[in-house]
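Both ligands and their constituent atoms are indexed starting at 1 by order of listing. Values below: all heavy atoms of this structure, side chains included; hydrogens, waters and symmetry mates excluded.
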Amino acid sequence: MAEPVYRRVVVKLSGEYLAGPHSFGIDQPTVDRIAGDLIEAQQLGVEIVVVVGGGNMVRGVSAQGVSRTTGDTMGMLATIMNCLALEAAIERKGTPAKALSAFVMPEICELFTRAAAHKHLAEGRILLLGGGTGNPFFTTDTTAVLRAAEINAQAVLKATNVDGVYSADPKQDPAAQRFDRLTHSQAIEGGYKVMDATAFALARETSLPIIVFSIAEPGSIGAMLQGAGRGTIVAG
Ligand code: UDP
């Protein structure tokens, strides 16, 4: 088995994926499967920090009847529910996990601080970071890069439903070109929809590689960590 290249990574999971075959909510079999994949990845000797989205419940831009900032707050709260679901699923499988929130909510989970993250990782827990950056007008993609930079992770693994970055949506456009490698600047200039430009810009600024891969195949997180999976590396 190949030695993993990285020792600490941030895995970005979209909320949408947690809905499984449904268009809304949390699909338990999907959450259990992803929990298993995260545990398997950790067993390779890699510290795993997960930033979870909230698109399976609320996205600020499309929330009805509220302002954008309130919608974004609702979206950030949705990410915390997803973290709690993943935390429980990981712990049910016998691996310690800890949800940390960008907001102070002591009855629900601990606040994210760098010190808390380092402590829980040193104690062998998988971390689930909820609440995004804690600010409206950002995304959990940007959160993943921000947290990775803050806690000295070596890469962001961006889980999607396609096997890398394409010039257009490969499900709509059969002529879409797939990239094995891109620089951060190429990803920004190309306007590729896989991650927002703020996330790519922060990754460029902090020299963080982003690996875009498909989570659809069970075991793909571990495979990517061992250099055996198929994905696009956005770096340098
Ligand atoms: N959000 C926010 N600030 C953040 C992160 C997220 O306001 O730092 C809100 C925003 O409304 C976003 C929602 O939370 O639409 C859910 O996050 P995201 O869209 O990134 O989730 P995903 O698409 O990954 O499921």
Taking distance alone, with N or O pairs closer than 3.5 Å, would you say [X] contacts ligand 1?
| X | result |
| --- | --- |
| Phe138 | yes |
| Lys12 | yes |
| Val61 | no |

[X] vs [Y] side-chain heavy atoms within contact, under 4.5 Å:
| X | Y | result |
| --- | --- | --- |
| Lys98 | Glu87 | yes |
| Val145 | Asp141 | no |
| Val162 | Val194 | no |

With a 6.0 Å cut-off (strictly less than), is the heavy-atom count around [atom1] of [X], excluding the residue itself, greater than 12?
| X | atom1 | value |
| --- | --- | --- |
| Gln154 | CD | yes |
| Glu205 | CD | no |
| Glu150 | CD | yes |

Atom indices of ligand 1 within 4.0 angstrom of [X] heavy atoms, with elements:
| X | answer |
| --- | --- |
| Gly55 | 21 (O), 22 (P), 25 (O) |
| Pro136 | 7 (O) |
| Gly75 | 13 (C), 14 (O) |
| Thr133 | 4 (C), 8 (O) |
| Gly53 | 21 (O), 22 (P), 24 (O), 25 (O) |
| Asn135 | 2 (C), 3 (N), 4 (C), 7 (O), 8 (O) |
| Gly54 | 16 (C), 17 (O), 21 (O), 22 (P), 25 (O) |
| Gly15 | 22 (P), 24 (O), 25 (O) |

Where Ile90 and Ala97 come nearest, the two heavy atoms and their spacing: CG2-CB, 3.8 Å

Please state which protein non-hydrogen atom is closest to [atom] and give its distance, to 0.1 Å?
| atom | answer |
| --- | --- |
| atom 19 (O) of ligand 1 | Arg59 NE, 3.3 Å |
| atom 18 (P) of ligand 1 | Thr140 OG1, 3.5 Å |
| atom 7 (O) of ligand 1 | Asp72 CB, 3.1 Å |
| atom 12 (C) of ligand 1 | Gly60 N, 4.1 Å |

Within the 4.0 Å heavy-atom cut-off, what Glu16 brings close to ligand 1 is backbone

Under 4.0 Å between heavy atoms, the region of Asn56 that gets near ligand 1 turns out to be neither

If the contact criterion is a heavy-atom separation under 4.0 Å, does Val58 count as touching ligand 1? yes

Tyr192-Phe200 aromatic ring centre distance below 6.0 Å: no

Could you please spell out the steps behind the salt bridge (Lys or Arg N to Asp or Glu O under 4.0 Å) verdict for Glu16 and Arg59? CA-CA 10 Å; Glu16 214 166 84; Arg59 279 214 174 87; 3.2 Å; yes

Under 3.5 Å: donor-acceptor pair, side chain of Thr79, backbone of Gly131: yes

Check whether the side chains of Ser67 and Thr69 place a donor and an acceptor atom closer than 3.5 Å, and report yes or no. yes

